[in-house]
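Below, all heavy atoms of this structure are taken into account, side chains as well, without hydrogens, waters or symmetry copies.
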Amino acid sequence: MHLTAPATTRPGTRDADGMAVASFILGLLGLLVFNLFLGPTAIVLAAASLWRGTKRRGRAYLGMGLGVADLLVLLAFVQVDNTLSWGF
């Protein structure tokens, strides 16, 4: 006799889903501020969530793309200002 319903998802999938959402949010925020820190963090979180088998694969890929975009925006502003820090 089972008192609980059988698990339909793998353990840790919820953590992977949370990492996918976090990578998307950090990548989005990184376009505006702290893109040197938030961009790589978004990329690492997206890769880890995909490796763990997230159900939110689209969100993880968006987070990874936004993380790369953060670094490209930083590179563009560094080229324009000829300095590592940039401002508006």
**OP:** Identify the two heavy atoms, one from Gly27 and one from Ala42, that lie closest to each other, and give their separation to 0.1 Å.
**Re:**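 Shortest heavy-atom separation between Gly27 and Ala42 comes out as N-CB, 3.7 Å.
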List the atom pairs, donor and acceptor, that lie under 3.5 Å between side-chain atoms in residues 61-73 and the rest of the protein, sequence neighbours left out.
from	atom 1	to	atom 2	distance (Å)
Tyr61	OH	Arg57	NH2	3.1
Asp70	OD1	Leu31	N	3.1

According to a hydrophobic-cluster definition based on side-chain heavy atoms being under 4.5 Å apart (Ile, Leu, Val, Met, Phe, Trp, Tyr only), do [X] and [Y] belong together?
| X | Y | value |
| --- | --- | --- |
| Val78 | Leu36 | yes |
| Phe24 | Val33 | yes |
| Leu28 | Ile43 | no |

Original post:
Leu38: what forms a side chain to side chain contact (heavy atoms under 4.5 Å, CB included) with it, not counting sequence neighbours?
Top reply: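 With neighbours one apart ignored, the set is Leu26, Leu29, Phe34.
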**OP:** Any side-chain hydrogen bond (donor to acceptor under 3.5 Å, both in side chains) involving residues 21-33? Give me the pairs, sequence neighbours left out, ordered by first then second residue.
**Re:**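 Sorted result for residues 21-33: empty, none.
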Original post:
Under a 4.5 Å cut-off applied to non-hydrogen side-chain atoms, are Arg56 and Val21 in contact?
Top reply: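 In contact.
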Original post:
Between Lys55, Arg52, Arg59, which is the residue that forms a side-chain contact (heavy atoms from CB on, under 4.5 Å) with Asp17?
Top reply: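 In the set Lys55, Arg52, Arg59, the residue that makes a side-chain contact (heavy atoms from CB on, under 4.5 Å) with Asp17 is Lys55.
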Subject >> Nearest-0.5 Å distance, OG1 of residue Thr54 to CG of residue Leu45 >> reply: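 The CG atom of Leu45 is 11.5 Å from OG1 of Thr54, to the nearest 0.5 Å.
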